[in-house]
Amino acid sequence: MKIKTLILAAGQGTRMRSKLPKVLHKIADRALLHHVYDTSAQLENNAIFVIYGHGGELVKNQLAQLQVTWIEQAQQLGTGHAVQQAASHIQDDDVVLVLYGDVPLLQKTTLDTLLTNVSEKSLALLTVSLANPTGYGRIVRDDNQRVLKIVEQKDATEAEKQITEVNTGILATHGGKLKNWLARLGNNNAQKEYYLTDIIEMAVNDGLSVITNQPHNEDEVLGVNNRQQLAHLERAFQLQQANRLMEAGVTLRDPARIDVRGHFAQLGQDIEIDVNVVFEGVNQIADNVKIGANCVIKNAVIGENVEIFSHSVIENATVGANCRVGPFARLRPEAQLANDVHIGNFVEIKKSTVGVGSKINHLSYIGDSLVGSGVNIGAGTITCNYDGVNKFQTVIEDGAFIGSDTQLVAPVTVGKNATIGAGSTITKDTPAEQLTLSRTKQMSIPTWQRPVKK
Ligand code: UD1
Ligand code: CA
């Protein structure tokens, strides 16, 4: 069985009030259409087609990495018309799966059920019962509960409008039958559109049965038409991910206050995450890591027993085992901390390695540096790595002690076990084991008197 998935994504999305095509709006930093693609890409023996229209070039460019065939629907004349655009790609013995590009949370398990219900003798339809079915196509059944047809809201009688079981738009059907029905679609209805939903009645007339299944939860089949719905599905998606984290052995102080915009390449056990932590990209987090409130962690590798205190921002950085970072620390790209490192408040590290057991605890900037092991960097130390044009390296060898408020003007090397006196501006390499300081000698003027007001 060959599956041809058609993702309908040509609609304009007027109610988003956006210059961006609707399907490019994001949930968890991933385009709506990309979510739908991800789910359908999990199906085996499946070729995916995207029917695009409004803003199509932008959609194609931004999602060029998707393994799909792009099909243009120049004018949006209805869902049936959209599917007609793909007719030449459909073989008679294909199973055609119709998805919507703006329904992002559909689960593969729901599709699996749908696909087991489809054959040459049966059409599979995903329906859902809604407390408020207004706006949706209604599922009309006979006295034996057999599906007869779908009637759109605008074409429904008052009695039909009372039906709460609605069409999700998602269906699977035999390719040959579908092509036959598509050729017979008309637009004689309230919206003068070619409704894909009209194929249901045609299937029934051709002697097929319509087999329905429902999703595990309503959010799976909700579409995004406005920003409120986008926000609702973002939270629903985040809650799903929070549940997955907890299932994997992570403690979340509040599952409603975490955002995962990406995934975890590694996720250890007994990780504890306080409120309002945002994960982006691909993160690797080992066992027993604790992350404080309000941290942003992107593409990070975090070793076991690490404690990240609140309000820290970590991006494209590596943190070795047993490190303590923050509060209010910033690890920028290519910061690499070995094991047992302490990075304290208001410390920024960029493109630097910090060796085992070193401490940079207060108010420092370390950029383009190689910091050895057992180094202690005092408060307010700055590596002056940039002359306005080029960047230079600072090397601080093992065991060095840098006094507070030191500027290290790169390129410069501080030797092994060297001590730098507080307040120094170091422009030349400093010898190992010695004290180096650059500061004017302190003096006191005993005859000096405070001025008095005239
Ligand atoms: C459609 C269904 C309705 C169902 C509802 C579920 C029809 C006629 N009606 O109604 O039964 O309850 O979805 O949300 O199918 N699209 C195109 N090209 C077009 C028109 C639409 O690609 O010419 C795409 C849209 O981008 C969207 C999807 O098809 O992803 C559904 O279109 P929409 O206009 O939202 O359909 P509804 O009128 O809501
Ligand atoms: Ca819709």
Side-chain angles (χ1 to χ4, degrees), residues 5-16 18 20-25 31-37 40 49-56 59 68 70-87 97-106 123 125-130 132-140 147-156 160-161 163-171 173 178 181-182 185-202 210 212 214-215 218-226 229-230 233:
T5 299
L6 312 182
I7 304 179
L8 308 194
Q12 200 159 343
T14 325
R15 281 176 287 160
M16 294 298 285
S18 174
L20 201 63
K22 177 163 73 173
V23 292
L24 287 182
H25 282 265
L32 298 176
L33 178 57
H34 203 158
H35 282 273
V36 180
Y37 169 85
S40 61
F49 300 79
V50 176
I51 321 296
Y52 72 93
H54 182 75
V59 178
V68 303
W70 298 92
I71 299 175
E72 187 177 7
Q73 184 193 19
Q75 272 184 296
Q76 282 78 63
L77 303 179
T79 50
H81 181 257
V83 173
Q84 279 170 348
Q85 308 310 302
L97 172 64
V98 176
L99 303 179
Y100 286 179
D102 56 1
V103 177
L105 299 198
L106 192 66
L123 185 149
L125 185 64
L126 188 66
T127 71
V128 68
S129 299
L130 297 178
N132 178 8
T134 310
Y136 289 88
R138 307 298 206 282
I139 308 296
V140 181
V147 174
L148 294 178
K149 61 176 180 174
I150 295 174
V151 56
E152 292 303 300
Q153 167 89 23
K154 288 185 178 144
D155 302 293
E160 286 165 341
K161 282 180 187 157
I163 300 170
T164 55
E165 186 189 11
V166 306
N167 174 32
T168 64
I170 289 153
L171 59 83
T173 166
L178 174 67
W181 301 325
L182 287 176
L185 285 181
N187 66 351
N188 185 18
N189 53 51
Q191 303 184 81
K192 296 283 168 273
E193 280 184 10
Y194 295 88
Y195 291 164
L196 182 63
T197 44
D198 285 351
I199 70 168
I200 306 299
E201 193 171 5
M202 293 179 187
V210 176
T212 59
Q214 297 220 343
E218 204 176 293
D219 291 335
E220 270 192 68
V221 295
L222 293 184
V224 173
N225 296 305
N226 57 39
Q229 289 167 340
L230 185 69
L233 291 186

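Every number for a ligand or one of its atoms is a count from 1 in the order of the listing. Worth knowing before you read on, the calculation uses all heavy atoms, side chains too, and leaves out hydrogens, waters and symmetry mates.
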Trainee: Is it the case that ligand 1 has an N or O less than 3.5 angstrom from some N or O of Gln75?
Mentor: no

Trainee: Just distances here: any N/O of Gln191 and N/O of ligand 1 closer than 3.5 Å?
Mentor: no

Trainee: So is Gln73 polar-close to ligand 1, meaning N/O to N/O under 3.5 Å?
Mentor: yes

Trainee: Short question: side chain of Asp102, backbone of Gly223 - any donor-acceptor pair under 3.5 Å?
Mentor: no

Trainee: Please indicate whether any nitrogen or oxygen in Tyr195 is less than 3.5 Å from any nitrogen or oxygen in ligand 1.
Mentor: no

Trainee: For ligand 1, does Val103 get within less than 4.0 Å through its side chain, its backbone, both, or neither, judged by non-hydrogen atoms?
Mentor: neither

Trainee: Under 3.5 Å between some N or O of ligand 1 and some N or O of Thr197?
Mentor: no

Trainee: Is it true that Gly78 lies under 4.0 Å from ligand 1, counting heavy atoms only?
Mentor: yes

Trainee: Do Gly169 and ligand 1 have an N or O pair less than 3.5 Å apart?
Mentor: no

Trainee: Would you mind telling me which of Leu130, Thr134, Asn132, Thr127 makes a side chain to side chain contact (heavy atoms under 4.5 Å, CB included) with Val166?
Mentor: Leu130

Trainee: Kindly compute the distance separating CD (Gln229) from CG (Leu222), expressed to the nearest 0.5 Å.
Mentor: 7.5 Å

Trainee: Report, as yes or no, whether the 6.0 Å neighbourhood of atom NZ on Lys161 holds more than 12 heavy atoms from other residues, nucleotides or ligands.
Mentor: yes

Trainee: Would you indicate which of Leu8, Leu196, Ile150 comes nearest to atom 29 (O) of ligand 1 when only heavy atoms are counted?
Mentor: Leu8

Trainee: Hey, which atoms in ligand 1 end up nearer than 4.0 Å to a heavy atom of Gly137?
Mentor: 3 (C), 4 (C), 11 (O), 12 (O)

Trainee: Is Val166 close enough to touch ligand 1? Criterion: a residue heavy atom under 4.0 Å from a ligand atom.
Mentor: no

Trainee: Quick check: do Asn189 and Glu152 have side-chain heavy atoms less than 4.5 Å from each other?
Mentor: no

Trainee: Under 4.0 Å from a heavy atom of Glu152: which atoms of ligand 1 are those, numbered in the order shown and with their elements?
Mentor: 2 (C), 3 (C), 7 (C), 8 (C), 9 (N), 10 (O), 11 (O)

Trainee: Roughly how far, to the nearest 0.5 Å, is CD1 of Ile150 from CG of Leu171?
Mentor: 7.5 Å

Trainee: Can you tell me how the ring of Trp70 sits relative to the ring of Tyr52, calling it parallel under 30°, perpendicular over 60° and tilted otherwise?
Mentor: perpendicular

Trainee: To the nearest 0.5 Å, what is the distance between OG1 on Thr79 and OH on Tyr195?
Mentor: 8.5 Å

Trainee: Can you tell me how far the OG1 atom of Thr197 sits from the CG atom of Asn167, to the nearest 0.5 Å?
Mentor: 6.5 Å

Trainee: Can you confirm, on distance only, whether ligand 1 has an N/O atom lying under 3.5 Å from any N/O atom belonging to Gly11?
Mentor: yes

Trainee: Does Lys22 use its side chain to pair, donor to acceptor, with the backbone of Gly11 at less than 3.5 Å?
Mentor: no

Trainee: Rounded to the nearest 0.5 Å, how far apart are CG of Leu182 and CG of Asp198?
Mentor: 11.0 Å

Trainee: What atoms of ligand 1 come closer than 4.0 angstrom to any heavy atom of Thr79?
Mentor: 7 (C), 8 (C), 15 (O), 20 (C), 21 (C), 29 (O), 31 (C), 32 (O)

Trainee: Give yes or no for whether the N/O distance cutoff of 3.5 Å, strictly under, is met between Gly135 and ligand 1.
Mentor: no

Trainee: Polar contacts were defined as any N/O atom of the residue lying under 3.5 Å from an N/O atom of the ligand; does this apply to Ala82 and ligand 1?
Mentor: no

Trainee: Taking the minimum heavy-atom distance to atom 2 (C) of ligand 1, which of Tyr100, Tyr194, Tyr136 ranks first?
Mentor: Tyr100

Trainee: So is Thr168 polar-close to ligand 1, meaning N/O to N/O under 3.5 Å?
Mentor: no

